[in-house]
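Single-structure report; data block below.
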Amino acid sequence: MQVAVVTFDGFNELDSFIASALINRCRKDGLEAFITTPTPVVTSMNGVEVTGQRPMEFVTEADVVLIGSGVKTRDVVADDQLISRLRLDPSRQLIGAQCSGALVLARLGLLEGMPACTDMRTRPFVEACGVDVLDTPFHAEGNIATAGGCLASQYLATWVITRTLGEEAARDVLHYVAPVGENQETVERALRAVHTDTVALR
């Protein structure tokens, strides 16, 4: 199973790297994430240059697609040519968005009839798309999920691992990366966030 972590120029390192790092702890179980970029190299909001592992077209074959956030997301959604490269299919793919990535899902028409999570700065722009924004860090309906707040990327990764490999796999990953002495608390908080705000699997 392959995961495309879509990472645009101006990306937030926490969003793309936390999700991909957690998911890649499941490589031995057949789940692998790849930083997927529209150009060979993208530069983060803090000037970190990253070479993409897969081109944007990889999203059509990936089993899971996670849309990262960044300071240029509004430029992304205004770019018809770039948006046209995101050919997603929620009937066969798990699709998630982190923070301003919710704007991309809204632009693609994937948030119609459902609320979403995003960061505080992006909230008014998501609401302007006619999407209700929740005051929670994570929400999923069927095969679509959104997360709000940089550190909520752990919840997006937890959702992906739980949906593809099961809860025990997610517990193992979270327990390993949790702050020492807060292992069980971290695991339970993440699973509670994912299960509490997930409804009606398709």
Can any side-chain N or O of [X] pair as donor or acceptor with the backbone N or O of [Y] at less than 3.5 Å?
X      : Y      : result
Ser153 : Cys150 : yes
Gln93  : Ala62  : yes
Thr146 : Cys117 : yes
Ser100 : Gly70  : yes
Ser16  : Glu13  : no
Asn183 : Gly181 : yes
Asn12  : Ser69  : no
Gln98  : Gly149 : yes
Gln154 : Leu174 : no
Thr37  : Ile35  : no

Residue [X] excluded, over 12 heavy atoms near [atom1] under 6.0 Å:
X      : atom1 : answer
Glu182 : CD    : yes
Glu112 : CD    : no
Arg87  : CZ    : no
Met120 : CE    : no

Any side-chain heavy-atom pair of [X] and [Y] under 4.5 Å:
X      : Y      : result
Cys26  : Val173 : yes
Leu191 : Thr158 : yes
Thr51  : Pro40  : no
Ile144 : Leu105 : yes
Gln2   : Glu32  : no

Connected via hydrophobic side-chain network under 4.5 Å: [X] and [Y]:
X      : Y      : result
Leu108 : Met114 : yes
Phe138 : Val187 : no
Val50  : Ile18  : yes
Met45  : Val5   : no
Val177 : Leu165 : yes

Take Glu167 and His195, measure what side-chain hydrogen bond (donor to acceptor under 3.5 Å, both in side chains) needs, and give me the verdict at the end. CA-CA 10 Å; Glu167 185 176 302; His195 293 319; 3.0 Å; yes

Distance in Å, [X] [atom1] paired with [Y] [atom2], rounded so as to fall on 0.5 Å steps:
X      : Y      : atom1 : atom2 : value
Leu66  : Asp15  : CG    : CG    : 10.5 Å
Cys99  : Leu156 : SG    : CG    : 9.5 Å
Glu127 : Thr118 : CD    : OG1   : 9.5 Å
Leu94  : Met1   : CG    : CE    : 9.5 Å
Glu188 : Arg171 : CD    : CZ    : 4.5 Å
Arg92  : Asp63  : CZ    : CG    : 7.5 Å

Please report the shortest heavy-atom distance between [X] and [Y], naming the atom on each side.
X      : Y      : answer
Ala102 : Ala97  : N-CB, 3.6 Å
Thr36  : Pro55  : CG2-O, 3.2 Å
Phe8   : Pro38  : CD2-CG, 4.0 Å
Leu86  : Val104 : CD1-CG1, 3.7 Å
Lys72  : Asp9   : NZ-OD2, 3.0 Å
Gly142 : Trp159 : O-CZ2, 4.0 Å

Take Arg121 and Arg123 through the side-chain contact (heavy atoms from CB on, under 4.5 Å) test and state the conclusion after the steps. CA-CA 6 Å; Arg121 290 186 178 181; Arg123 180 171 187 152; over 6 Å; no

So Phe11 and Phe17, would you call those rings parallel, tilted or perpendicular, with 30° and 60° as cut-offs? perpendicular

Listed partners of Tyr155 passing ring pair (Phe, Tyr, Trp, His ring centres under 6.0 Å), at least two apart: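 Expected list: none.
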
Can you list everything that forms a ring pair (Phe, Tyr, Trp, His ring centres under 6.0 Å) with Phe34? Sequence neighbours excluded, please.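 If we apply the ring pair (Phe, Tyr, Trp, His ring centres under 6.0 Å) test to Phe34, skipping adjacent residues, the hits are Phe58.
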
Is any side-chain N of the basic residue among Arg107 and Asp79 closer than 4.0 Å to the acidic one's carboxylate O?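 Salt bridge flag = no for Asp79 with Arg107.
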
Verdict with supporting geometry, Cys129 and Leu103, side-chain contact (heavy atoms from CB on, under 4.5 Å): CA-CA 8 Å; Cys129 296; Leu103 281 174; 4.1 Å; yes

Under the side-chain contact (heavy atoms from CB on, under 4.5 Å) criterion, do Thr73 and Thr122 qualify, and how do the steps go? CA-CA 9 Å; Thr73 306; Thr122 306; over 6 Å; no

Taking the six-membered ring of Tyr176 as reference, does the NZ or CZ atom of Arg25 fall below 6.0 Å from its centre and within a 45° cone about the axis?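 Ring-cation test returns no.
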
Show, in sequence, the C-alpha distance, side-chain angles and deciding distance for Ser44 and Asn46, and conclude whether the side-chain hydrogen bond (donor to acceptor under 3.5 Å, both in side chains) test is met. CA-CA 5 Å; Ser44 79; Asn46 293 306; 5.0 Å; no

